[in-house]
Q: 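Mind looking over this structure? Questions follow.
Counting convention: from 1, in listed order, for ligands and their atoms alike. This is a predicted model, so every value here is computed, not measured.
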Amino acid sequence: MDVSIVPMDLDHLRQVRDLGLRVFDVTVKPYTSWSLTTIAEHLDSVDQPGIASACWVALDGDTVVGFVLGSMTFELRDDWAYLEWIAVSPDHQGQGIARRLVEACCTALFAVGATRVVTDVEASNTASATLMTRSGFTPAATVTLFVRPNPDAPEDDRSAAGVSSSRRSLVRSGRLVGDNLPRSF
Ligand SMILES: CC(C)(COP(=O)(O)OP(=O)(O)OC[C@H]1O[C@@H](n2cnc3c(N)ncnc32)[C@H](O)[C@@H]1OP(=O)(O)O)[C@@H](O)C(=O)NCCC(=O)NCCS
């Protein structure tokens, strides 16, 4: 069956969450978190005309096999948009689905006035870097996360993956800058 690209809606939430949980490794970018809230916040931006269509899913029948979440929010720039999350299920990768998702997202964001779409790619993520390069993105800046561990802390606590739930909730509530920190863009 052909895979179709359609705007994401509430009915897709659970499948999008579950697919993200399967494929994202948020420990490589410890300032990000993947949750139902992350997805819902993108859907909540429907009060901005046209923005809801910056979030798309790839459907194989009723099954979500890919998604992209974009928004018109990137730091303090009103005219820069952010393609924040994209994923394709492993059994559907390599078929051009992500290219189609990026295209749908960027077309929507440009249509509502974005002068740039920004995305950030972790240095070792070759698939993502190739996807973005092929989709017309070029490297603009590189930010390296330098980490100095506390030598007295137990080994486990020194890991970059040890983001506490309280910090995550501060990020989600907007009291701590988190998901939108400038990185490599
Ligand atoms: C990145 C990802 C979305 C790509 O999805 P995909 O549907 O397989 O990508 P496409 O088939 O559209 O391929 C896009 C381009 O990237 C290339 N590409 C895809 N996977 C690649 C890989 N592992 N290594 C090198 N190039 C790759 C393809 O060859 C294609 O280039 P082309 O158009 O010149 O042929 C997918 O690998 C994924 O879900 N990864 C895990 C989640 C993730 O890391 N997301 C990004 C951070 S939010």
Side-chain angles (χ1 to χ4, degrees), residues 1-8 12-43 45 51 53-61 63-75 80-109 114 116-145 160-161 163 168 171-172 177-185:
M1 187 182 289
D2 285 345
V3 170
S4 51
I5 308 293
V6 302
M8 183 174 80
H12 302 127
L13 269 183
R14 177 183 292 274
Q15 288 194 69
V16 168
R17 195 263 320 256
D18 291 348
L19 176 53
L21 286 175
R22 273 202 287 145
V23 300
F24 291 137
D25 177 5
V26 290
T27 62
V28 296
K29 290 190 287 186
Y31 43 76
T32 63
S33 63
W34 178 249
S35 68
L36 212 46
T37 310
T38 307
I39 309 161
E41 277 168 356
H42 280 80
L43 275 179
S45 54
I51 298 303
S53 58
C55 300
W56 298 78
V57 292
L59 288 180
D60 186 348
T63 305
V64 172
V65 297
F67 63 83
V68 61
L69 306 185
S71 68
M72 274 300 287
T73 308
F74 186 77
E75 293 299 308
W80 286 21
Y82 190 21
L83 192 165
E84 190 170 8
W85 299 97
I86 185 162
V88 172
S89 70
D91 52 335
H92 284 75
Q93 289 177 6
Q95 300 172 24
I97 294 173
R99 286 284 300 271
R100 293 168 64 197
L101 288 165
V102 169
E103 209 47 44
C105 178
C106 290
T107 300
L109 292 167
R116 301 262 193 293
V117 178
V118 176
T119 192
D120 56 306
V121 176
E122 194 271 323
S124 67
N125 195 337
T126 309
S128 186
T130 308
L131 163 67
M132 295 311 171
T133 304
R134 299 280 197 268
S135 302
F137 288 77
T138 51
T142 301
V143 176
T144 302
L145 197 65
V163 182
R168 281 191 209 285
V171 170
R172 284 182 196 139
V177 176
D179 283 1
N180 291 334
L181 274 175
R183 300 170 289 257
S184 262
F185 59 85

Q: Considering both backbone and side-chain atoms of A98, is one of its nitrogen or oxygen atoms within less than 3.5 Å of a nitrogen or oxygen in ligand 1?
A: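 Among all N and O atoms of A98, at least one is under 3.5 Å from an N or O of ligand 1.
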Q: Using a 4.0 Å heavy-atom cut-off, say whether V121 meets ligand 1 through its side chain, its backbone, both or neither.
A: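 Neither; no heavy atom under 4.0 Å.
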Q: Do any N/O atoms on T126 end up under 3.5 angstrom from N/O atoms on ligand 1?
A: no
Q: When you measure from the side chain of R100 to the backbone N and O of V3, does any donor-acceptor pair fall under 3.5 Å?
A: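 Yes, R100 side chain to V3 backbone: donor-acceptor pair under 3.5 Å.
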Q: Look up atom 37 (O) of ligand 1 and tell me if a protein heavy atom lies less than 4.0 Å from it?
A: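 When distances to the protein are checked, atom 37 (O) of ligand 1 has a heavy atom within 4.0 Å.
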Q: Just distances here: any N/O of S128 and N/O of ligand 1 closer than 3.5 Å?
A: no
Q: Would you say atom 22 (C) of ligand 1 has a protein heavy atom nearer than 4.0 Å?
A: yes
Q: Write down the atom of L101, the atom of G66, and the distance for their closest heavy-atom approach.
A: CD1-C, 3.9 Å
Q: To which protein heavy atom is atom 44 (O) of ligand 1 closest, and what is the distance rounded to 0.1 Å?
A: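 For atom 44 (O) of ligand 1, the nearest protein heavy atom is N125 ND2, 2.8 Å.
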Q: Any nitrogen or oxygen of E84 lying under 3.5 Å from a nitrogen or oxygen in ligand 1? Just yes or no.
A: no
Q: Do S128 side-chain atoms and V121 backbone N/O form a donor-acceptor pair below 3.5 Å?
A: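 Checked: no pair found.
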Q: Looking at S89 and V64, would you say the former's side chain and the latter's main chain have a donor-acceptor pair under 3.5 Å?
A: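 Not at all, since once roles are kept as given, no pair shorter than 3.5 Å links the two residues.
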Q: Is it the case that the side chain of E84 and the backbone of L69 share a donor-acceptor pair, with hydrogens and angles ignored and the cut-off at 3.5 Å?
A: no
Q: Which word best sums up how the rings of F24 and W34 line up, parallel for under 30°, tilted for 30 to 60°, or perpendicular for over 60°?
A: perpendicular
Q: Please list the nearest protein heavy atom to atom 39 (O) of ligand 1 with its residue and the distance rounded to 0.1 Å.
A: V88 N, 2.9 Å
Q: Starting at CG of D120, measure out to CG of L83 and round the result to the nearest 0.5 Å.
A: 9.5 Å
Q: Using distance alone, determine whether G96 and ligand 1 share an N or O pair under 3.5 Å.
A: yes
Q: Is atom 48 (S) of ligand 1 in close reach of the protein, with a heavy atom under 4.0 Å away?
A: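 Given the 4.0 Å cut-off, atom 48 (S) of ligand 1 counts as touching protein heavy atoms.
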Q: What is the distance from atom NE2 of H12 to atom SG of C55, rounded to the nearest 0.5 Å?
A: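 These two atoms lie 12.0 Å from each other.
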Q: Within a distance of under 4.0 Å, is there any protein heavy atom near atom 30 (C) of ligand 1?
A: no
Q: Is it true that T133 and T130 share a donor-acceptor pair across their side chains at a distance under 3.5 Å?
A: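 Distance-only check fails for T130 and T133.
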Q: How far is atom 40 (N) of ligand 1 from its nearest protein heavy atom, and which residue and atom name does that atom have?
A: Q93 NE2, 4.0 Å
Q: Which atoms of ligand 1 sit under 4.0 Å from any heavy atom of I97?
A: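 Within the 4.0 Å cut-off of I97, ligand 1 contributes 7 (O), 12 (O).
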Q: Give the single entry among A87, S124, A127, A58 that approaches atom 19 (C) of ligand 1 most closely by any heavy atom.
A: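 Nearest heavy atom to atom 19 (C) of ligand 1 lies in A127.
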Q: How long is the gap from CZ on R22 to CZ on R17, to the nearest 0.5 Å?
A: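 Output value for this atom pair is 12.5 Å.
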Q: Enter the distance from F67:CZ to M8:CE here, rounded to the nearest 0.5 Å.
A: 8.5 Å
Q: Looking only at distances, please establish whether an N/O atom of ligand 1 is found under 3.5 Å from an N/O atom of R99.
A: yes
Q: Is V23 close to ligand 1, meaning an N/O of one under 3.5 Å from an N/O of the other?
A: no
Q: Among all protein non-hydrogen atoms, which one is nearest to atom 15 (C) of ligand 1, and what is the separation to 0.1 Å?
A: L131 CA, 3.9 Å
Q: Show your reasoning for whether side-chain contact (heavy atoms from CB on, under 4.5 Å) applies to W85 and H42.
A: CA-CA 10 Å; W85 299 97; H42 280 80; 4.2 Å; yes
Q: Ignoring hydrogens and geometry, is there a side-chain-to-backbone donor-acceptor pair from T63 to V65 under 3.5 Å?
A: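 No; judged by distance alone, with no hydrogens or angles, the pair does not exist.
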Q: Can you list the atoms of ligand 1 that are under 4.0 Å from a heavy atom of F24?
A: 42 (C), 45 (N), 48 (S)
Q: How far is atom 32 (P) of ligand 1 from the closest protein heavy atom, and which atom is that?
A: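 Answer for atom 32 (P) of ligand 1: R134 NE, 3.5 Å.
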Q: Side-chain contact, heavy-atom cut-off 4.5 Å: L131 with F137?
A: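 Counting from C-beta outward, L131 and F137 never come under 4.5 Å.
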Q: At less than 4.0 angstrom from any non-hydrogen atom of Q95, what atoms of ligand 1 do you find?
A: 11 (O)
Q: Quick one: look up the protein heavy atom nearest atom 45 (N) of ligand 1 and list residue, atom name and how far away it is.
A: I86 O, 2.8 Å
Q: Considering only non-hydrogen protein atoms, determine which one is nearest to atom 28 (C) of ligand 1 and report residue, atom name and distance to 0.1 Å.
A: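 Heavy-atom neighbour on the protein nearest atom 28 (C) of ligand 1: T130 CG2, 4.6 Å.
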Q: To which protein heavy atom is atom 8 (O) of ligand 1 closest, and what is the distance rounded to 0.1 Å?
A: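 For atom 8 (O) of ligand 1, the nearest protein heavy atom comes out as G94 N, 2.7 Å.
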